[in-house]
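One structure below.
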Amino acid sequence: RRWTESSSSPEILGGFDQEATAVLMARIATFRTENEESFDLLRWLDRTLIRVGSKFGEYQRDAPESFRMPPNLSIYPQFMFHLRRSQFLQTANNSPDETAFYRIMLSRETVMNSLVMIQPT
């Protein structure tokens with residue numbers, strides 16, 4: 001196995017699975033909300049998405065309309081958008097029992113079923 005420091009490495013982009021990464025981020029986020037005292041979840045998700053975009057995205061400085069993600073990362077930001085608004089992280093309209101149920105189901109389901117729960121359409 002070859003490890004690399006380059007952010008534009010074709011090995012990293014070629015092996016990136018955006019669906020599995022979105023589900024992994026959802027599972028990590030729900031785990032951290034339950035197990036850490038003072039955890040700002042939405043800020044953490046935003047920082048992580050910004051970090052991924054700055055490493056792998058192509059853009060020109062001071063030109064936000066020039067931002068492009070590689071094809072294997074193209075819908076990852078969309079998954080993060082829906083995850084931020086999902087019943088797994090936004091608990092305002094759910095009882096604690098419903099929230100626990102949704103989070104347990106997210107951790108037990110397959111990647112494809114979890115993606116449907118994160119982004120239903």
Side-chain angles (χ1 to χ4, degrees):
R1 183 183 292 184
R2 192 181 113 203
W3 297 97
T4 182
E5 290 292 321
S6 173
S7 63
S8 62
S9 174
E11 291 89 7
I12 293 174
L13 288 175
F16 188 80
D17 185 357
Q18 58 191 347
E19 291 89 3
T21 305
V23 172
L24 179 65
M25 289 297 291
R27 290 178 181 173
I28 290 171
T30 57
F31 176 80
R32 290 184 76 179
T33 56
E34 294 172 358
N35 294 313
E36 293 184 17
E37 287 293 321
S38 61
F39 178 60
D40 190 0
L41 175 69
L42 297 179
R43 181 175 291 171
W44 176 76
L45 278 174
D46 290 343
R47 279 185 296 157
T48 305
L49 183 59
I50 290 168
R51 211 173 297 136
V52 168
S54 65
K55 280 194 179 213
F56 298 107
E58 300 169 2
Y59 57 93
Q60 296 173 358
R61 196 169 192 87
D62 297 328
E65 67 277 356
S66 69
F67 183 75
R68 301 280 182 268
M69 291 289 270
N72 6 359
L73 288 163
S74 61
I75 59 174
Y76 178 71
Q78 182 178 336
F79 288 137
M80 293 298 101
F81 173 83
H82 288 287
L83 175 62
R84 290 185 86 233
R85 288 150 183 82
S86 70
Q87 71 269 22
F88 309 112
L89 307 183
Q90 298 293 332
T91 60
N93 295 327
N94 296 332
S95 70
D97 290 339
E98 286 176 315
T99 301
F101 172 76
Y102 291 137
R103 289 177 177 173
I104 287 170
M105 291 309 297
L106 177 70
S107 67
R108 290 184 177 178
E109 287 295 330
T110 64
V111 169
M112 292 312 292
N113 289 344
S114 296
L115 277 179
V116 171
M117 290 191 288
I118 293 169
Q119 182 178 350
T121 55

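Just so it is clear, the values below take in all heavy atoms, side chains as well, and ignore hydrogens, waters and symmetry mates.
- Heavy atoms from other residues, nucleotides or ligands lying under 6.0 Å from CD of E65 number more than 12.
- Taken to the nearest 0.5 Å, the CZ atom of R43 stands 11.5 Å off from the CG atom of L41.
- Counting heavy atoms of neighbouring residues, nucleotides and ligands inside a 6.0 Å radius, atom CG of N93 does not exceed 12 of them.
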Exercise for the section: Determine, step by step, whether T33 and F88 satisfy the side-chain contact (heavy atoms from CB on, under 4.5 Å) criterion, reporting the C-alpha distance in whole Å, the side-chain angles of both residues, the deciding distance to 0.1 Å, and the verdict. Expected result: CA-CA 10 Å; T33 56; F88 309 112; over 6 Å; no
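- Interatomic distance, CG of L42 versus CD of Q90, reported as 5.5 Å (0.5 Å rounding).
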Practice task
Go through I28 and W44 one step at a time and tell me if the side-chain contact (heavy atoms from CB on, under 4.5 Å) criterion holds.
Solution key: CA-CA 11 Å; I28 290 171; W44 176 76; 3.6 Å; yes
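- The main-chain N or O of S74 is found under 3.5 Å from a side-chain atom of Q18 such that the two form a donor-acceptor pair.
- Pairing each heavy atom of L89 with each of R103, the nearest pair is CA-NH2, 4.3 Å.
- P64 is not listed as a side-chain neighbour of Y59, based on a closest heavy-atom distance of 4.5 Å or more.
- Remark: E19 CD to F79 CZ distance equals 5.0 Å, nearest 0.5 Å.
- A donor-acceptor pair is defined here as one N or O able to donate and one able to accept, closer than 3.5 Å; such a pair exists between the side chain of S95 and the backbone of E98.
- Hydrophobic clustering keeps F31 apart from I104 (ILVMFWY residues linked when any side-chain heavy atoms are closer than 4.5 Å, directly or through intermediates).
- Heavy atoms of other residues, nucleotides or ligands lying less than 6.0 angstrom from CZ of F67 number more than 12.
- L24 and V116 fall into different hydrophobic clusters, where Ile, Leu, Val, Met, Phe, Trp and Tyr residues are linked whenever their side-chain heavy atoms come under 4.5 Å apart, directly or through other members.
- Two different hydrophobic clusters hold L83 and F81 under the rule that ILVMFWY side chains link at heavy-atom gaps under 4.5 Å.
- Judged by distance alone, with hydrogens and angles left aside, the side-chain atoms of Q119 form no donor-acceptor pair with the main-chain N or O of H82 at under 3.5 Å.
- Note that the OG1 atom of T99 and the CG atom of D97 stand 8.5 Å from one another [nearest 0.5 Å].
- Closest approach of S114 and R27 over heavy atoms only: OG-NH2, 3.4 Å.
- Under a 3.5 Å cut-off, the side chain of R84 and the backbone N or O of L45 do not form any donor-acceptor pair.
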Problem - Stepwise side-chain contact (heavy atoms from CB on, under 4.5 Å) check, V52 with M69 - result: CA-CA 10 Å; V52 168; M69 291 289 270; 4.3 Å; yes
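- Counting all heavy atoms, side chain and backbone alike, L49 lies closest to P77 at CD1-CA, 4.0 Å.
- Rounded to the nearest 0.5 angstrom, M80 CE and T21 OG1 are separated by 8.0 Å.
- Here the CZ atom belonging to F56 is positioned 10.5 Å from the OH atom belonging to Y76, to the nearest 0.5 angstrom.
- Of the possible donor and acceptor atoms, none in the side chain of N113 sits under 3.5 Å from a partner among the backbone N and O of E109.
- S86 places no side-chain N or O within 3.5 Å of a backbone atom of I118 that could act as its donor or acceptor partner.
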